[in-house]
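Each remark here refers to the structure printed beneath this line.
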There are 2 protein chains.
Amino acid sequence: MGERTRRGPSMFDVARVAGVSHQTVSRVLNAHPNVREVTRTRVLSAIDELGYRPNRAARTLVTGRDRVLGVVAPGSTLFGPVSLLAAFEEQAVNAGFGVSVVRIRDLDGASVREAVDRHLDGQVSGIVVIAPVAPVAAALDELPRTVPLVTVDGDPARPGAMATVDQVEGGRVATRRLLEAGHRTVWHISGPPDWFDAAGRAAGWEAELRAAGCEVPPVVPGDWSPDAGYRAGQFLGRMPEVTAVFAANDAMATGLLHALHERGRAVPGDISVVGFDDVPSSAHLIPPLTTIRPDFEAVARAALDLLVAGADGVGGINGADNTGGANGTGGANNTGGANGTGGTGDTDPVPVASGEAVAHRGVVPVLVDRDSVGPPPG
Amino acid sequence: MGERTRRGPSMFDVARVAGVSHQTVSRVLNAHPNVREVTRTRVLSAIDELGYRPNRAARTLVTGRDRVLGVVAPGSTLFGPVSLLAAFEEQAVNAGFGVSVVRIRDLDGASVREAVDRHLDGQVSGIVVIAPVAPVAAALDELPRTVPLVTVDGDPARPGAMATVDQVEGGRVATRRLLEAGHRTVWHISGPPDWFDAAGRAAGWEAELRAAGCEVPPVVPGDWSPDAGYRAGQFLGRMPEVTAVFAANDAMATGLLHALHERGRAVPGDISVVGFDDVPSSAHLIPPLTTIRPDFEAVARAALDLLVAGADGVGGINGADNTGGANGTGGANNTGGANGTGGTGDTDPVPVASGEAVAHRGVVPVLVDRDSVGPPPG
DNA sequence: CCATGCTGGCCACCTATTGTA
DNA sequence: TTACAATAGGTGGCCAGCATG
């Protein structure tokens, strides 16, 4: 059909209107030196007189890179990944990047590879992979490494740039809270064993118990779902020696509370519970749930920082763009400055437990105390 | 800073290996007729011998369109938008499109315009805007309409392509469930008044009450948050005449249950409650919540269909791509066929309440009966 | 050396034209 | 007419070289 190619003005049109050569327009656009202030102004006003917008495809074609960040994320709507994704998308856009997302339903190596390839085809400037399970993380090692790639929620043992919540510390904090309330030990309903998040939280739980010289009960396996928490509660509720439970996420804690309520076990009277995530509804469960709150914004910020700084050895991404023209005098691209367009200003440095060679950033989560923890009965 | 331009093979390389002209390669790639089967095969094998991948930027430059769909979504992590987004992203990728996402934190006209402009700059093939409030929806009317644009969760009164959950019907179903349980009337905790979703659910609630000849109590305003539900519950719980409440989403229902529990009002013994969304935890609230489940996958599918069909009058998006080469014989681009690459096969037609001139698609939600509804006390 | 202009090649692909068997 | 080859111009922007006040 018609396909009226309604192309916008090009550099040449701008040049004509401004009475300069297209060369000069290009120089203005790319903040090259050697442009007189008057000329620059003239060009700039021609630009917005015409409503000129540089053609991204053309630029990408010649530079070989698009100012887009690729994200590979699991298809689920689990609170953690979703929150991370939302935070990252917003911050990336604020830093002047486009964000391209590929969801993978199956968390296996082939899916990840395909997703990453897709992004590579699009000439992205960098890639973030939310890699919560082993197959996903493993697949990353065999990938052609032509652009910076950072992992989120990935394998803590894997080298390479990664940003994550410090799951182990989170597990310790949760467990400690329970022990300090006077419980002799703490039971744990874990996430799926192949998830790093789950393994980390369980490891923290166990470490804290051992440090306190407590017995380490068997792990109750779960899968993040409220149903799993409910099922776990059905038998934990029958065991008199169970007085404290750390659920690896709030969803399972929700199911647990449900089961305990059904069995007539009071929380926190008979059994104390701590969750993980601080989902919005956790403040209004019955009883309001004491839980661990991870700072997803900080993790997203760390991931973006790592990408821009090129922390995985591939070399960083060039700094801010300047299509707007507001920042006239700003000279060359300074690495690390990701606040290109309309950034919200204060990008506080993320509190990190810095590794040395590898650029791992673990954001320490925080305890939110509510009403589901009390002293043991009796 | 070497910037080793590690460019891959181009059409010319493929042509050389296959012993044909780059013209022929192009023809094969674009499924042009007039290519002998042997030649096509030769080209195809040269393609994967070299690991050739067509350069998207170059194609975009010539055609003026990238095979990417732009999404504008609110920055929140509310269950509805998040679920919609996840579903859409997955389906779009399965249909062979890239997905570019821009989150907007402030749901105002300026933010939407900027987001849409961003996408337009990227030469996207189509745009989806999750437009749950008036300013967002309104801003769309003034936009240059060069590519198909569909609205999700937008203004039902606005013309133009839209896919959405049938909120009104959902509100009616929820209310009817309560009335049929024997309640004399139903109270309603609504979402923010400027949200179309909230307005629709409230309208359905009111319509159903009127249809049944019931008194219409004043609306209790909320904001989707559990806190709002809790606050509402604090006074609804003190009013003896309140025996049935329809909360506009499960989060508020959660807070409501909490408040009622605190006040010693039994659910469903004293008060019955129905929510909306069917969030994962609703099955394990205390008591398990009767709620309305919207089919977000269906809405996402409808949105994608509308985009590809060009339902808003701008003309559809060209059909499947064929980089893979698997579908050799498939001839010209047939409009409406969005199942290009590895689609999950059965794209059931979405059940729609078809409007006539305007392409609105309302997906009817369904009741999920659990334990929070019973007959009125006494 | 500074601020520009001009010319031209290049990026990878699309498409149209002409010619050939 | 069919199935190509060869050639060329166009897409918009980048960059290098060289000339000019």
Side-chain angles (χ1 to χ4, degrees), chain A residues 3-16 18-43 46-47 50-67 121-123 318 321-323 332-333, chain B residues 1 3-16 18-43 46-47 50-67 120-123 318 321-323 332-333:
Chain A
E3 279 300 326
R4 205 65 40 79
T5 325
R6 199 181 303 267
R7 309 239 175 202
S10 79
M11 271 181 44
F12 291 85
D13 301 308
V14 174
R16 190 176 340 105
V20 299
S21 78
H22 77 279
Q23 250 294 20
T24 305
V25 178
S26 174
R27 284 183 179 129
V28 170
L29 253 28
N30 297 304
H32 273 290
N34 300 0
V35 180
R36 227 185 322 168
E37 194 49 37
V38 256
T39 314
R40 143 176 288 123
T41 313
R42 197 138 41 95
V43 170
I47 283 179
L50 292 174
Y52 165 79
R53 319 275 308 185
N55 182 312
R56 255 183 40 199
R59 172 186 270 135
T60 301
L61 180 56
V62 34
T63 62
R65 294 258 144 276
D66 199 357
R67 282 191 63 80
D121 273 7
Q123 275 124 315
N318 283 0
D321 70 344
N322 37 9
T323 304
N333 302 331
Chain B
M1 325 294 161
E3 278 300 327
R4 206 65 41 81
T5 325
R6 198 181 304 266
R7 309 240 175 200
S10 80
M11 270 180 46
F12 291 85
D13 301 307
V14 175
R16 192 176 339 106
V20 300
S21 78
H22 77 278
Q23 250 291 22
T24 305
V25 177
S26 174
R27 286 189 180 122
V28 171
L29 253 28
N30 297 305
H32 273 289
N34 299 2
V35 180
R36 228 183 322 169
E37 194 50 37
V38 255
T39 314
R40 145 177 286 124
T41 313
R42 199 139 39 95
V43 171
I47 283 179
L50 291 173
Y52 165 78
R53 318 275 309 183
N55 182 311
R56 256 181 41 198
R59 172 186 269 131
T60 301
L61 180 56
V62 239
T63 63
R65 296 257 143 275
D66 198 356
R67 280 191 65 80
L120 258 17
D121 273 7
Q123 277 124 314
N318 283 1
D321 70 343
N322 38 8
T323 305
N333 301 333

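Sequence lines set the chain letters: A, B, ... in the order given, protein chains first and strands last, and positions in each chain run from 1. Side chains are part of it too, since the values below use all heavy atoms of this structure and drop only hydrogens, waters and symmetry mates.
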Does any non-hydrogen side-chain atom of A:N55 lie less than 4.5 Å from one of B:Q123?
-> yes
Full working for side chain to side chain contact (heavy atoms under 4.5 Å, CB included) between B:S10 and B:D13 = CA-CA 5 Å; B:S10 80; B:D13 301 307; 3.5 Å; yes
Encode nucleotides 14-21 of chain C as B, S and - characters from 5' to 3', where the letter depends on protein heavy atoms closer than 4.0 Å: B to the base, S only to sugar-phosphate, - to neither.
-> BBBB----
Round to the nearest Å and state the distance from B:D66 atom CG to C:dC13 atom P.
-> 14 Å
Phosphate oxygens OP1/OP2 of C:dC11: is one of them under 4.0 Å from a side-chain N or O of B:S10?
-> no
Please name the pair of heavy atoms, one in A:R53 and one in B:D121, separated by the smallest distance, quoted to 0.1 Å.
-> NH2-OD2, 2.7 Å
Using a heavy-atom cut-off of under 4.0 Å over every strand shown, decide if A:T60 touches base, sugar-phosphate, or nothing.
-> nothing
For B:V20, answer base if it contacts any base atom (sugar-phosphate contacts may also be present), sugar-phosphate if it contacts only those atoms, and nothing otherwise; contact means non-hydrogen atoms under 4.0 Å.
-> sugar-phosphate
In whole angstrom, give the distance that lies between atom CZ of A:R16 and atom C1' of D:dG12.
-> 14 Å
A:D13 CG to D:dG13 C1': how many Å, rounded?
-> 13 Å
Taking every heavy atom of B:A46 against every heavy atom of B:A18, the minimum-distance pair comes out as CB-CB, 3.8 Å
Return the 5'-most residue of the pair B:S21, B:L61 with respect to DNA chain D, ranking by each residue's nearest nucleotide.
-> B:S21
Go through the structure and list residues passing side-chain hydrogen bond (donor to acceptor under 3.5 Å, both in side chains) with B:R56, not counting sequence neighbours.
-> B:D66
Minimal heavy-atom distance between A:V28 and A:R40, with the atoms involved, is CG2-CA, 4.1 Å
Which whole-number value in Å describes the distance from A:N55 CG to D:dC14 C1'?
-> 13 Å
Taking CZ from B:R40 and P from D:dA3, how many angstroms apart are they, rounded to a whole number?
-> 11 Å
Once you round it to whole Å, what is the distance between P of D:dG13 and CZ of A:R53?
-> 12 Å
Indicate the atoms forming the closest heavy-atom contact of A:M11 with A:H22, along with that distance.
-> CE-O, 2.9 Å
To the nearest angstrom, how far is A:R65 atom CZ from D:dC14 atom P?
-> 16 Å
